Undergrad: 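Once you've had a glance at the structure underneath, I'll fire off some questions.
Both ligands and their constituent atoms are indexed starting at 1 by order of listing. Keep in mind it's a predicted model, so treat the numbers as computed, not measured.
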Amino acid sequence: MNDQELINQYLERTNQPPKVFEALKQIGYFDAPASKGHHLAVAGGLVEHSMHVTNILLAMKLFTEESCHRIGMYHDLVKCLCYKAVAGGGFEYVQPPHPGHGVASALIAADIGIELMPHERAAIVWHMGAFCLDDRQMAEYRAALKQWPDAIVLTHAADHLASLTEE
Ligand SMILES: [Fe+2]
Ligand SMILES: [Fe+2]
C-alpha cells in the first residue's frame, strides 16, 4: 500500500460523501504542513499529523473507529488555509477569516460538507485545551467540558502527544 492509498483508507473511515474528498483536495489538505516551523513543517505534514492523532485516539479504544478518524483527520483543517508556501521553501502564516483555531477547523469542516456528531465537533473546537483562553473563553471551555469531557480532554492529549513526537 502506498502513502496515498493509506491516506485514502483513513479518510474513507470518516464515512463522508465523495464531495468531501474533492473539497479537501481543493482547499489544499494534502499539501498543507502541520506547522510553520515546529512539527512536520513540510507539505503533507498536516495529513501525517492527522493520522498520528487518529492512531492515538484509536489506541485509547474509547470512541468508535469512525469518531476517531473524523476527529483525528479533521481537527486541524484550519491549517489548509493558514500556511502559505513561500519561494525558496518554508511557509508563512496567513490569517484565515475565522476566529480561533479549533473553531476555524470546525467551520471549515461545515463549509465543505463534513458531517460531525456533537462530541466530534466539540473535540475539534476545543482540541487546544485551555491554552491561551481569556476569561470568557475559559467559561465556554468549562461548559463544553461538562458535556463532552472525554472527547475534549482526550483529543487535546492525543494532539499534544502526537506533536511532541513529530520532528
Ligand atoms: Fe490544532
Ligand atoms: Fe493537531
Undergrad: Out of the candidates Gln16, Met73, Arg70, only one should pair with Ile114 under the side-chain contact (heavy atoms from CB on, under 4.5 Å) rule; please name it.
TA: Gln16
Undergrad: From the options Leu11, Leu58, Thr64, Leu57, select the one residue that forms a side-chain contact (heavy atoms from CB on, under 4.5 Å) with His69.
TA: Leu58
Undergrad: Under 3.5 Å, is there a donor-acceptor pair linking the side chains of Tyr83 and Asp31?
TA: no
Undergrad: Establish, from distance only, whether the side-chain atoms of His39 and His52 form a donor-acceptor pair under 3.5 Å.
TA: no
Undergrad: Going by atom types only, do Gln4 and Asn8 share a side-chain donor-acceptor pair under 3.5 Å?
TA: yes
Undergrad: Please give me the protein atoms (N, O or S only) lying under 2.8 Å from the Fe ion (ligand 2), ordered by chain and number.
TA: His49 NE2, His75 NE2, Asp76 OD2, Asp159 OD1
Undergrad: Considering only heavy atoms from C-beta outward, does the side chain of Trp148 approach that of Met117 to under 4.5 Å?
TA: no
